[in-house]
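Atoms considered below: every heavy atom in the structure, side chains included; atoms not considered: hydrogens, waters and symmetry mates.
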Amino acid sequence: MEPVAVGLVGAGPWAEMAHAPMLARGPHTRLAGVWARRPEWAARLGAPVFIRIEELFDACEAVAFCVPPAVQAELGIRAARAGKALLLEKPLADSVENARRLADAIAEAGVASQMVLTMRYAKQTRAFLARCAEIGAFGGHAANISSVLLGDHPFATPWRLARGALLDVGPHVIDLLDAALGRVTGVRAHGNPLGWTGLLLEHEGGAASEVSLCMAATGDLPPATIAVYGRSGNAVLPAFDDDPLDNVAAEFAGTVRDGGGHPLDAAHGLRLQRIIAEAEAQLTP
């Protein structure tokens, strides 16, 4: 089967490190071209550079996004209306309203969508979630502590500096606990989005979990952790260095060929956005 021709929107550090190599190396996808607001950055990615985004749409079957959340919401609607399947970064947008507009545009156009919630594609995560389903899970906790917002870190981008850990790494952590313990039905939050953020999540079925997030810590920092406890055992997601991006590309190609149906679609991204917004409203600005 011919690889899916995917156009890439965005040419920043994560596009260069992850998206462009993932799409270009195949065998399930090929990088059909790149569009970015700074064409000189796009030229670094080793693919045809398009000056007009409509020209990129004409050259591909699907579009992958690696841009700030507000830009993804704006340009994703244009891609959906052009009939293209969408590979979307987290968070889906910069606000619930823009996430809803994007999810609605995708549904109205009838195009496929899939979120790059990277950890969900790793074999270790899938083994962890399978274990969670076996133990009668009733609670868990997670922590993600880093120094991304400090100094000259390549991911200290304007939207992260403005909104902090909850909008950036929050989708990953909330999504994993949602998958492990049941759909999140309520959230209580405290702290500061640019300092320390704590969440208490309530899950469908009565489980509860706690989350600690920070992107402004210094020193020798621990790895991210997630653990779940149940009536017949526990499950801990081990640290791993495997690259799950090949699975992202393979599954996205399948999603495109099937016309949709991936569980991590834009509707799922919208639900995560609503949980995050509810938490953000409780934090000290």
Side-chain angles (χ1 to χ4, degrees), residues 12-29 64 66 87-91 114-135 137 139-149 153-156 160 165-182 184 197 199 201 203 207 209-215 217-230 232-255 262-265 268-269 272:
W14 188 235
E16 186 174 13
M17 292 169 57
H19 283 64
M22 170 186 74
L23 297 169
R25 64 178 167 250
H28 304 286
T29 58
C66 196
L87 184 62
L88 298 158
E89 262 295 344
K90 57 77 201 165
Q114 186 174 317
M115 298 288 296
V116 185
L117 290 158
T118 319
M119 293 183 68
R120 285 288 293 274
Y121 297 88
K123 65 179 185 295
Q124 293 88 347
T125 302
R126 290 173 174 175
F128 164 76
L129 292 176
R131 171 67 176 160
C132 291
E134 297 171 347
I135 61 174
H141 60 75
N144 192 304
I145 314 300
S146 75
S147 58
V148 168
L149 299 184
H153 195 286
F155 296 127
R160 290 182 176 90
L166 182 55
L167 192 63
D168 184 22
V169 297
H172 287 302
V173 176
I174 294 168
D175 170 66
L176 280 177
L177 288 169
D178 184 89
L181 291 167
V184 173
T197 298
L199 306 177
L201 303 178
H203 298 263
S209 61
E210 294 86 29
V211 177
S212 297
L213 303 173
C214 180
M215 293 168 63
T218 61
D220 187 14
L221 300 174
T225 59
I226 179 168
V228 168
Y229 301 88
S232 59
N234 62 79
V236 178
L237 180 61
F240 58 88
D241 296 324
D242 298 8
D243 184 355
L245 291 176
D246 285 343
N247 290 339
V248 174
E251 291 189 22
F252 183 56
T255 298
H262 198 279
L264 303 181
D265 61 5
H268 182 71
L272 294 177

How many angstroms lie between [atom1] in [X] and [atom2] in [Y], if you round to the nearest 0.5 Å?
| X | Y | atom1 | atom2 | answer |
| --- | --- | --- | --- | --- |
| Asn144 | Met215 | CG | CE | 8.0 Å |
| Cys214 | Leu149 | SG | CG | 7.5 Å |
| Leu87 | Thr255 | CG | OG1 | 9.0 Å |
| Phe155 | Ser147 | CZ | OG | 12.5 Å |

Any side-chain heavy-atom pair from [X] and [Y] closer than 4.5 angstrom?
| X | Y | value |
| --- | --- | --- |
| His203 | Ser209 | yes |
| Val211 | Thr197 | no |
| Val169 | Leu213 | yes |
| Met22 | Phe252 | no |
| Val116 | Leu88 | no |
| Met119 | Ile226 | no |
| Glu89 | Met115 | no |
| Leu201 | Leu181 | no |

Minimum heavy-atom distance [X]-[Y], with the two atoms named:
| X | Y | result |
| --- | --- | --- |
| Ala137 | Cys132 | CB-O, 3.9 Å |
| Ala15 | Pro21 | O-CD, 3.8 Å |
| Tyr229 | Gly140 | CD1-CA, 4.4 Å |
| Ser212 | Ile145 | O-CD1, 4.0 Å |
| Gly139 | Ala207 | N-CB, 4.4 Å |

Results of salt bridge (Lys or Arg N to Asp or Glu O under 4.0 Å) for Asp175 - residues two or more places apart only = Arg120

ask   = Who passes side chain to side chain donor-acceptor pair (under 3.5 Å) against Thr29, sequence neighbours left out?
value = none

request  = State which residues pass side chain to side chain donor-acceptor pair (under 3.5 Å) with Asp242; sequence neighbours excluded, sorted by chain then number.
outcome  = Lys123, Gln124

inquiry  = Between Leu117 and His268, is the side chain to side chain contact (heavy atoms under 4.5 Å, CB included) condition met? List the steps.
reply    = CA-CA 11 Å; Leu117 290 158; His268 182 71; 3.9 Å; yes

message = According to side-chain contact (heavy atoms from CB on, under 4.5 Å), who are the partners of Ala156, at least two apart in sequence or on a separate chain?
response = His153, Leu161

message = Let's go through Val248 and Leu245 carefully: what are the C-alpha distance in whole Å and the side-chain angles of both, what is the deciding distance for side chain to side chain contact (heavy atoms under 4.5 Å, CB included) to 0.1 Å, and is it a yes or a no?
response = CA-CA 5 Å; Val248 174; Leu245 291 176; 4.2 Å; yes

key: Pairs where residues 125-135 contributes a residue and the test side-chain hydrogen bond (donor to acceptor under 3.5 Å, both in side chains) is met, not counting sequence neighbours   = Arg126-Glu251

note = Residue set satisfying ring pair (Phe, Tyr, Trp, His ring centres under 6.0 Å) with Phe128, at least two apart, ordered chain then number -> none

message = Looking at Asp168, is its backbone amide N or carbonyl O close enough to the side chain of Lys90 to form a donor-acceptor pair, meaning the two atoms are under 3.5 Å apart?
response = yes

query = Can you check whether Gln114's main-chain N or O pairs, donor with acceptor, with Asp265's side chain at less than 3.5 Å?
reply = no

request  = Please lay out, stage by stage, how Tyr121 and Leu264 fare under the test side chain to side chain contact (heavy atoms under 4.5 Å, CB included).
outcome  = CA-CA 10 Å; Tyr121 297 88; Leu264 303 181; 3.8 Å; yes

key: With Val228, the side-chain contact (heavy atoms from CB on, under 4.5 Å) member among Leu237, Ile135, Val236   = Ile135

